[in-house]
There are 2 protein chains.
Amino acid sequence: MHSFTEENYLKTIYYLAARQEGEVTTNSLAEMTATKAASVSDMLRKLAEKQLIHYKKYQGVRLTEEGERLALKVIRRHRIWEVFLAEKLGFGWDEVHEMAEELEHIRSEDLVQKLDAFLGYPQFDPHGDPIPSPAGQMPTVEYTKLSEVTIGEEVQVMGVLEHSPEFLQHLDKTGLNLGCRVLVQDVNAFDKSVSVQINHEKTLFVSNEVARNLLVN
Amino acid sequence: MHSFTEENYLKTIYYLAARQEGEVTTNSLAEMTATKAASVSDMLRKLAEKQLIHYKKYQGVRLTEEGERLALKVIRRHRIWEVFLAEKLGFGWDEVHEMAEELEHIRSEDLVQKLDAFLGYPQFDPHGDPIPSPAGQMPTVEYTKLSEVTIGEEVQVMGVLEHSPEFLQHLDKTGLNLGCRVLVQDVNAFDKSVSVQINHEKTLFVSNEVARNLLVN
DNA sequence: AAAAATTTTTAGACTCGTCTAAATTTTTAT
DNA sequence: ATAAAAATTTAGACGAGTCTAAAAATTTTT
Ligand SMILES: [Mn+2]
Ligand SMILES: [Mn+2]
Ligand SMILES: [Mn+2]
Ligand SMILES: [Mn+2]
């Protein structure tokens with residue numbers, strides 16, 4: 001079987017590949033996994049030996065089919081556990097990620113299958129991220145950043161790009177929860193901050209920094 | 001913090017101490033943890049340094065107060081997760097232990113607290129074992145082995161001493177579930193096997209081997 | 001096209017938890 | 001009370017995963 005650590009590397013490679021063009025670099029992996037480049041190099045050699053990644057020295061890295069299958073399995077487990085923690089145990093969306101980081105490594109096909117059923121086969125996690133299918137397919141979603149919505153449009157908050165507890169708590173505080181309706185009233189030409197009306201009620205200002213990390217549709 | 005491995009040693013020492021008199025031996029720990037005596041010796045030295053056990057070379061081992069507190073925390077988590085797996089996800093009592101062996105190491109006070117609440121503060125796990133309190137107290141239970149019940153008495157199945165899937169599946173097959181009523185009709189003088197009536201319905205024969213591992217009252 | 005800067009890999013070391021083989025201590029048997 | 005047997009500890013090694021420092025390759029700058 002595969003170690004905890006290997007699973008984390010595969011997952012991280014998947015995420016970095018999804019957000020960039022081309023191969024994933026050693027340095028970006030080191031930063032993301034909070035290790036040093038030397039450690040990453042070592043691990044890449046091992047993962048390549050196990051045929052989980054395509055790897056040519058100095059040329060960056062890409063998941064093989066098998067590697068991607070495994071990465072998606074881990075991501076599926078992570079997101080299903082996040083749903084459980086939020087829906088059933090009442091944790092906030094700012095709290096679930098850390099625990100899911102551990103729970104995602106519990107290895108039992110049966111467990112994740114039964115948990116999925118218990119939760120009613122959810123399609124999205126508490127952050128609006130889609131849950132990969134049992135077969136290992138990542139659903140495609142077409143969201144826009146709030147920062148790119150034109151004045152006058154009304155959209156719905158569907159997810160976040162930034163997952164830090166600080167950001168999520170900030171959203172909680174301002175009432176920008178998943179599913180809430182947002183009418184874009186104005187965009188400041190100078191700092192690109194956005195003036196929005198939420199759920200046809202209160203109006204508030206959203207910085208461009210925040211707007212760029214809010215996914216809507 | 002403490003590693004998975006350390007938690008497992010502490011838990012194992014607790015169990016062995018509960019079932020024997022006096023100090024726990026290196027060899028019994030080696031057998032229980034499926035390692036070699038040499039590895040156990042090494043780990044005992046480390047645990048003693050951390051003040052989690054009382055340890056004198058060649059003289060066996062005993063948990064300190066802090067060590068017992070930690071052991072009971074792990075056992076509490078294990079049993080609460082077993083309840084979740086059985087009650088909420090529908091796993092059989094023969095399946096839950098293995099998964100709980102992994103889940104018990106997820107470290108979050110909050111998680112086990114919320115899970116406990118979600119389950120309605122259960123007192124016993126699916127095998128009838130009592131769940132230690134959040135403060136780290138192991139409830140005392142006074143059960144008798146079915147093999148020691150006198151003819152004519154009616155008792156209730158409250159737990160098991162043997163936790164192997166094979167044994168539990170055997171009980172499932174014969175209908176000897178937790179909570180069922182058992183009337184002892186006869187005890188065979190030769191092999192100590194027991195003739196019992198279950199729930200005032202069917203009669204069946206229980207070997208002494210099985211009767212010794214069934215807790216009743 | 002060289003030189004400088006950056007990125008990546010290699011070399012060598014460390015911790016954790018494990019092992020086998022050998023040494024030591026304790027227990028049991030004679 | 002010795003000798004033999006059993007239990008336990010120590011010595012030395014290993015794999016996984018990490019680190020720092022140094023070497024090598026690649027990219028950027030001049
Ligand atoms: Mn997450
Ligand atoms: Mn998420
Ligand atoms: Mn168990
Ligand atoms: Mn149990």
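Computed from heavy atoms alone, side chains included, the values below leave out hydrogens, waters and symmetry copies. Just so it is clear, the model here is predicted, and its values are computed rather than measured. Note on naming: letters A, B, ... go to the chains in the order of the sequence lines (proteins, then strands), and numbering restarts at 1 for each one.
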Considering only [options], which nucleotide approaches the side chain of [X] most closely?
{"X": "A:Ala38", "options": "C:dC16, D:dT18, C:dA11", "value": "C:dA11"}
{"X": "B:Asp42", "options": "D:dT18, C:dT18, C:dT8", "value": "C:dT18"}
{"X": "A:Ala37", "options": "C:dC16, C:dT9, D:dT8", "value": "C:dT9"}
{"X": "B:Gln59", "options": "C:dT26, D:dC19, C:dT9", "value": "C:dT26"}
{"X": "B:Lys57", "options": "C:dG17, D:dT18, D:dT9", "value": "D:dT9"}
{"X": "A:Thr35", "options": "C:dT8, D:dC19, D:dT8", "value": "D:dC19"}

What is the distance, to the nearest angstrom, from the [atom1] atom on [X] to the [atom2] atom on [N]?
{"X": "B:Tyr9", "N": "C:dC16", "atom1": "OH", "atom2": "P", "answer": "14 Å"}
{"X": "B:Leu44", "N": "D:dT9", "atom1": "CG", "atom2": "P", "answer": "7 Å"}
{"X": "A:Leu29", "N": "C:dT9", "atom1": "CG", "atom2": "P", "answer": "10 Å"}
{"X": "A:Lys46", "N": "C:dT10", "atom1": "NZ", "atom2": "P", "answer": "13 Å"}
{"X": "A:Arg45", "N": "C:dT10", "atom1": "CZ", "atom2": "C1'", "answer": "10 Å"}
{"X": "B:Glu23", "N": "C:dT26", "atom1": "CD", "atom2": "P", "answer": "14 Å"}
{"X": "B:Glu31", "N": "D:dT8", "atom1": "CD", "atom2": "P", "answer": "12 Å"}
{"X": "A:Met43", "N": "C:dT9", "atom1": "CE", "atom2": "C1'", "answer": "16 Å"}

Self-check item: Minimum side-chain heavy-atom gap B:Thr25-B:Leu16 below 4.5 Å
Solution: no
Quiz item: Is A:Glu49 salt-bridged to A:Arg45, going by a charged N under 4.0 Å from an acidic O?
Solution: yes
Quiz prompt | Salt bridge flag under 4.0 Å for residues B:Glu162 and B:Arg212 | solution = no
At less than 4.0 Å, is any side-chain N or O atom of [X] found next to OP1 or OP2 of [N]? Yes or no.
{"X": "A:Ser3", "N": "D:dA16", "result": "no"}
{"X": "B:Lys36", "N": "C:dT20", "result": "yes"}
{"X": "A:Asn27", "N": "C:dT8", "result": "yes"}
{"X": "A:Thr26", "N": "C:dT9", "result": "yes"}
{"X": "A:Ser39", "N": "D:dG17", "result": "no"}

Self-check item: Of B:Arg77, B:Lys11, B:Arg79, the residue whose pairing with B:Glu101 passes salt bridge (charged side-chain N to carboxylate O under 4.0 Å, His left out)
Solution: B:Lys11
Exercise. Identify whether any heavy atom of A:Ser41 sits under 4.0 Å from a base atom; if not, whether one sits that close to sugar-phosphate; answer base, sugar-phosphate or nothing.
Key: base
Exercise. Just call it for B:Phe4: base, sugar-phosphate, or nothing, with non-hydrogen atoms closer than 4.0 Å on any strand.
Key: nothing
Quiz item: Considering Watson-Crick and G-U wobble pairs with both distances under 3.5 Å, what does D:dT29 pair with?
Solution: C:dA2
Quiz item: Does one side chain, of A:His105 or A:Glu7, offer a donor that lies under 3.5 Å from an acceptor on the other?
Solution: yes
Quiz prompt | Inter- and intrachain pairs under salt bridge (charged side-chain N to carboxylate O under 4.0 Å, His left out), touching residues 87-98 of chain B, at least two apart | solution = none
Quiz item: 5'-most contact on DNA chain C: B:Thr33 or B:Tyr58, nearest heavy atom basis?
Solution: B:Thr33
